[in-house]
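Within every chain, numbering begins at 1; the chains are lettered A, B, ... in the order of the sequence lines, protein sequences first and strands thereafter.
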Number of protein chains: 2
Amino acid sequence: MLNPLRIALERRDRLTAEEVLVVERLVSKPVPVAEGADMVREGESPLHSTVMISGFSARYTTFSDGKRQISAVHVPGDFVDLHSLLLRPMDHSVVALTDCSVVEVPHTLLREISERHPHLTRLLWTLTVIDAAIFRQWLIASGHLPAVGQIAHFFCELWTRLSLVGLTEGRSYDLPIAQADLGDAMGLSAVHVNRCMMALRRNGLLEWRGGRVRILDWDGLRTSAAFDGQYLNLEQRPR
Amino acid sequence: MLNPLRIALERRDRLTAEEVLVVERLVSKPVPVAEGADMVREGESPLHSTVMISGFSARYTTFSDGKRQISAVHVPGDFVDLHSLLLRPMDHSVVALTDCSVVEVPHTLLREISERHPHLTRLLWTLTVIDAAIFRQWLIASGHLPAVGQIAHFFCELWTRLSLVGLTEGRSYDLPIAQADLGDAMGLSAVHVNRCMMALRRNGLLEWRGGRVRILDWDGLRTSAAFDGQYLNLEQRPR
DNA sequence: CGGCTCTTTGACCTTGCTCAATTCGCGTGG
DNA sequence: CCACGCGAATTGAGCAAGGTCAAAGAGCCG
């Protein structure tokens, strides 16, 4: 399988042959991370940034009352903590929502790129600002959409991000996580997530059983979520 | 008054004499923007990025139902759309919440910096990832805190960000915007914001009248918001 | 004084939460 | 092949935070 980081970058801009070499060198042998294990922990100052190769992970914060808030979900090709190159210490943890494999890219290498490869640096920078755009959309959704809409938005976004790295088949994709995880991400209770999922199913928009998502009515789903994938910047252009 | 962008950068890392020169050249003569005017508009692809010199502005999206969701509030020293160097078109607008003055920095200049000044580039990059960290905190607050806590968090964050550029006096600062604006930012109705403000006042945590915020009990406010300013990365260190 | 915008208040309604009990899916050991 | 165990999905009932609508004060400027 093609290096998903390279796919993510090339989807945003053309890479020179030299840049391809550099990117391929970044992504060395994958390391497995078991479901439920933290790959980065709040308060640490990692010396590398982590790229997802397979599986799903999530950034989260835990509170004194034991609740967990997920602020981002990561799919293959995502840097889960590229910002740790610049910000220290981590203000949140990252957990493997499923069994994952990841590659750890030393900060020394990334810093070297930032010294020697301005264009590639801008592309890495672009990945972080796309991350920010996703946060913004979640924020907007959480402020203005009812729960069903928020959830619909999540499924639309995830389909789009997964299709980028070839992990969709038609309008379906695997998402082997629990409804409660989704609740932690949307700031909703597990019970309410369940009720929303039933509503989506009842309205023929979406099914999610056995860890598999099937979008039955893309336009309906998109509309109910006011989803427009433009913020993901999937166009290849000079950056 | 000292160039607030320079303050923001030097607060994160030491600048060389040459970098100071470059930064000072970036910030040329300020342009006024009247309250209520858009300084950047959704759908556009600006050829410059905008730095706040004075006043408050906000990134927002408007919906078909006429509601407005604010996803960020900007203070002097903030780049309101540094990411527009890399992402196009804008997926949101930016409005002046008060009369503002801003400086427009041509993308050509920024791109030149990214080619020639790796360290300065990393610092600009840092500003955008701090932006993202702020989004993350808002997301976390909105998912897990009740309305009063969210609002308290906002006032704590704003105090911290304003003190960075010298716009606080003790625990007070000017914030001449309407409660409804705050509601748009927190995803709350204006009525509910009002009730929360009264609760904060009643509990002796905070006053906000005549456009002036007075934090009466910083520790109490901080606690009710679970606020920890670390995510703003106000330490000067090599980046 | 008049007009405007912003804040405050009251009454009532809706969304989503909590707690607690079932039920389902599925892998495991007998 | 079947009973058992366990996590996850469902369901029900009652509650609470926050929304809506509408009206009444306050503050400020001309």
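Here B:Arg202 lies out of heavy-atom contact (under 4.0 Å) with every strand. Looking at heavy-atom distances under 4.0 Å, A:Met197 makes no contact with the nucleic acid at all.
For an aromatic pair to be called close, the ring centres must be under 6.0 Å apart, and B:Trp138 with A:Phe135 fails this. Ring to ring, B:His144 and A:Phe63 are close: their centroids are under 6.0 angstrom apart.
Ring geometry for A:His83 versus A:His92: interplanar angle under 30°, hence parallel rather than tilted (30 to 60°).
Mapping A:Arg209 and B:Arg209 onto DNA chain C by nearest heavy atom places B:Arg209 at the nucleotide closer to the 5' end.
Taking atom CG of residue A:Leu97 and atom C1' of nucleotide D:dA8, one finds them 15 Å apart after rounding to whole Å. The separation between A:Asp65 atom CG and C:dC17 atom P is 14 Å, rounded to whole Å. Distance, A:Glu207 CD to D:dA9 C1': 15 Å, rounded to whole Å. The distance between atom CD of A:Glu35 and atom P of D:dG7, rounded to the nearest whole Å, is 13 Å. If you take CG of B:Leu182 and P of C:dC6, they are 14 Å apart, rounded to a whole angstrom. Regarding A:Ile151, its CD1 atom lies at a distance of 14 Å from the C1' atom of D:dA9, rounded to whole Å. Taking atom CZ of residue B:Arg212 and atom C1' of nucleotide C:dT7, one finds them 20 Å apart after rounding to whole Å. Taking atom CH2 on A:Trp208 and atom P on D:dA9, their separation rounds to 7 Å, with Å as the unit.
With salt bridges taken as basic N to acidic carboxylate O contacts below 4.0 Å, none links B:Glu104 and B:Lys29. A salt bridge does not link B:Glu207 to B:Arg171: none of the charged nitrogens lies less than 4.0 Å from a carboxylate oxygen. Between A:Arg68 and A:Asp181 there is a salt bridge, since at least one side-chain N of the basic residue sits less than 4.0 Å from a carboxylate O of the acidic one. Salt-bridge check for B:Arg136 with A:Asp91: passed, with a basic side-chain N closer than 4.0 Å to an acidic carboxylate O.
Of the side-chain N and O atoms in A:Asn194, one or more sit less than 4.0 angstrom from OP1 or OP2 of D:dT10. Under 4.0 angstrom from either OP1 or OP2 of C:dT5 there lies no side-chain N or O belonging to B:Gln179.
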*Sugar-phosphate atoms are those with a prime plus P, OP1 and OP2; base atoms are the rest. Using that split, label each nucleotide of nucleotides 12-30 of chain D B, S or - for protein heavy atoms under 4.0 Å, 5' to 3'.*
BB----BSBB---------
